[in-house]
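Data first, discussion second: the structure below is written as structure tokens.
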2 protein chains.
Amino acid sequence: MTQTSFLAVIRLLSAQALLEQKFSQELGSVHGLSLNDSLLMMHLEQAPLLRLSRVDLAKRLCVSPSTVTRMTLPLEKLGMLGREADVRDARLAYVTLTDTGRKVIGAARQTLERKSKEVFKDRWSADEIEALADLLGRLTASQPNDLV
Amino acid sequence: MTQTSFLAVIRLLSAQALLEQKFSQELGSVHGLSLNDSLLMMHLEQAPLLRLSRVDLAKRLCVSPSTVTRMTLPLEKLGMLGREADVRDARLAYVTLTDTGRKVIGAARQTLERKSKEVFKDRWSADEIEALADLLGRLTASQPNDLV
DNA sequence: CCGATATATTTCCGAACGCAAGCATTTAGC
DNA sequence: GCTAAATGCTTGCGTTCGGAAATATATCGG
């Protein structure tokens with residue numbers, strides 16, 4: 001007898017692998033971004049001053065701080081991200097979203113939206129998609145600021 | 001106005017990152033397995049002869065064939081997996097689950113089940129967990145043999 | 001003010017992955 | 001039966017990631 005919670009977790013992991021496979025390629029070739037790059041920039045998009053500290057980003061993305069450092073480096077060189085210091089705390093190195101970055105993530109979002117619709121194209125009603133989004137939202141609710 | 005399907009996809013990706021972070025550490029330190037190692041062995045567990053070809057495993061895990069080759073190598077040396085040839089097709093190199101492997105993945109599954117329950121510990125009813133599992137099952141239904 | 005602790009960031013190192021290329025074998029067309 | 005295409009698997013290379021250590025700054029207790 002298999003536990004329902006275990007079943008849900010396994011299926012979520014499998015579903016993610018499937019989605020990543022479907023999205024990664026086009027996102028990279030068209031916009032030059034990885035899936036995680038996009039999530040990072042989307043977090044910045046909705047941040048108060050279009051900026052977040054690196055540890056804050058790490059928590060939101062569930063990755064290590066070193067990963068954030070390495071992820072932002074090339075995006076900064078491409079002019080999509082910037083770096084800003086805090087007046088009161090010299091340790092902080094905010095990651096900022098530049099105008100270029102806003103345009104790029106906006107375009108990437110359109111690709112993601114289109115491919116998201118494809119995922120549910122057949123055999124899914126609007127109510128079912130919303131039910132899934134709601135349930136998943138409860139999982140991520142424990143995390144710092146929910147996305148979208 | 002954000003699309004519901006896009007919202008669901010983003011939340012699924014975020015939720016997976018959260019779960020991987022919560023599960024990975026204990027799974028590795030206690031059983032010496034990664035999350036993907038466990039999924040691989042669980043696929044073998046439910047396979048007809050406790051064996052699957054490498055490309056089949058790759059499709060089920062949504063990873064490249066080369067990844068399967070590299071994943072199985074250390075597990076084979078540890079005696080958890082074996083290698084079996086096909087009588088009719090000399091290209092095939094089945095990955096088999098040994099007795100040792102069955103015991104290890106059985107123990108790892110218990111850890112996964114326990115931690116899965118923790119995820120839904122508070123604020124989740126049995127019906128809601130089942131609803132989530134069902135909806136996620138429809139996402140992975142398009143894939144070769146569903147797990148669990 | 002001073003030392004101890006905590007926090008933010010970066011760098012180094014090893015592990016894991018995808019892709020392209022290569023090899024072996026099987027299948028299909030003729 | 002023979003060549004060409006397809007399939008299964010592995011290897012080399014570049015990329016990405018987490019953890020530990022190092023550095024810099026901030027905070028707390030006295």
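Here is how names work: the chains are called A, B, and so on, in the same order as the sequence lines, proteins then strands, and each is numbered from 1. For the numbers below, each heavy atom of this structure counts, side chains included, while hydrogens, waters and symmetry mates do not. Just so it is clear, the structure is predicted and the values come from calculations on it, not from any experiment.
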>> Going by the rule ring pair (Phe, Tyr, Trp, His ring centres under 6.0 Å), which residues pair with A:Tyr94 if we only count those two or more places apart in sequence or in a different chain?
In response: none
Donor-acceptor contacts under 3.5 Å from residues 102-110 of chain B side chains, at least two apart:
| from | atom 1 | to | atom 2 | distance (Å) |
| --- | --- | --- | --- | --- |
| B:Arg109 | NH2 | B:Glu45 | OE1 | 2.4 |

>> Can you measure B:Leu73 atom CG to D:dT10 atom C1' for me and round it to whole angstrom units?
In response: 11 Å
>> I want to confirm an ordering. Mapping A:Thr69 and A:Gln25 to their closest nucleotides on DNA chain C, which one lands closer to the 5' end?
In response: A:Thr69
Side-chain donor/acceptor pairs under 3.5 Å, residues 74-84 of chain A, sequence neighbours excluded:
| from | atom 1 | to | atom 2 | distance (Å) |
| --- | --- | --- | --- | --- |
| A:Glu84 | OE2 | A:Arg51 | NH1 | 2.5 |

> Between atom CE in A:Met71 and atom P in C:dT11, what is the gap in whole Å?
Replying inline: 16 Å
> Can you list every pair that meets salt bridge (charged side-chain N to carboxylate O under 4.0 Å, His left out) and has a residue in residues 13-39 of chain B, with sequence neighbours left out?
Replying inline: B:Glu26-B:Arg114, B:Glu26-B:Lys115
>> I need a per-nucleotide contact map over nucleotides 20-26 of chain D, read 5' to 3'. Cutoff is protein heavy atoms under 4.0 Å; write B for the base, S for backbone only, - otherwise.
In response: ----BBS
> Who passes side chain to side chain contact (heavy atoms under 4.5 Å, CB included) against A:Ser142, sequence neighbours left out?
Replying inline: B:Leu18
> Who passes salt bridge (Lys or Arg N to Asp or Glu O under 4.0 Å) against B:Asp86, sequence neighbours left out?
Replying inline: none
>> Near DNA chain C, counting only heavy atoms under 4.0 Å, which residues of residues 30-57 of chain A show up?
In response: A:Ser53, A:Arg54, A:Val55
>> Holding to ring pair (Phe, Tyr, Trp, His ring centres under 6.0 Å), I want the full list of residues that pass it with A:Phe120, two or more places apart in sequence or in another chain.
In response: A:Trp124
> What's the CZ-P distance between B:Arg70 and C:dG14, to the nearest Å?
Replying inline: 18 Å
> Contact class for B:Val68 vs. all strands (heavy atom < 4.0 Å): base, sugar-phosphate, or nothing?
Replying inline: nothing
> How close or far is atom C1' of D:dT15 from atom NZ of A:Lys77, stated in whole angstroms?
Replying inline: 15 Å
> Could you give the CG-to-C1' distance, from A:Leu27 to D:dT16, as a whole number of Å?
Replying inline: 16 Å
>> How close do A:Glu130 and B:Thr4 get, counting heavy atoms only, and between which atoms?
In response: CA-CG2, 3.5 Å
>> Please list, in numerical order, the residues of residues 10-21 of chain B that have a heavy atom closer than 4.0 Å to any atom of DNA chain C.
In response: none
> How many angstroms lie between atom CG of A:Leu97 and atom CG of A:Leu52, to the nearest 0.5 angstrom?
Replying inline: 10.0 Å
> side chain to side chain donor-acceptor pair (under 3.5 Å) with A:Ser53: which residues, sequence neighbours excluded?
Replying inline: none
>> Going by side chain to side chain donor-acceptor pair (under 3.5 Å), name the residues that satisfy it together with B:His31, two or more places apart in sequence or in a different chain.
In response: B:Thr111
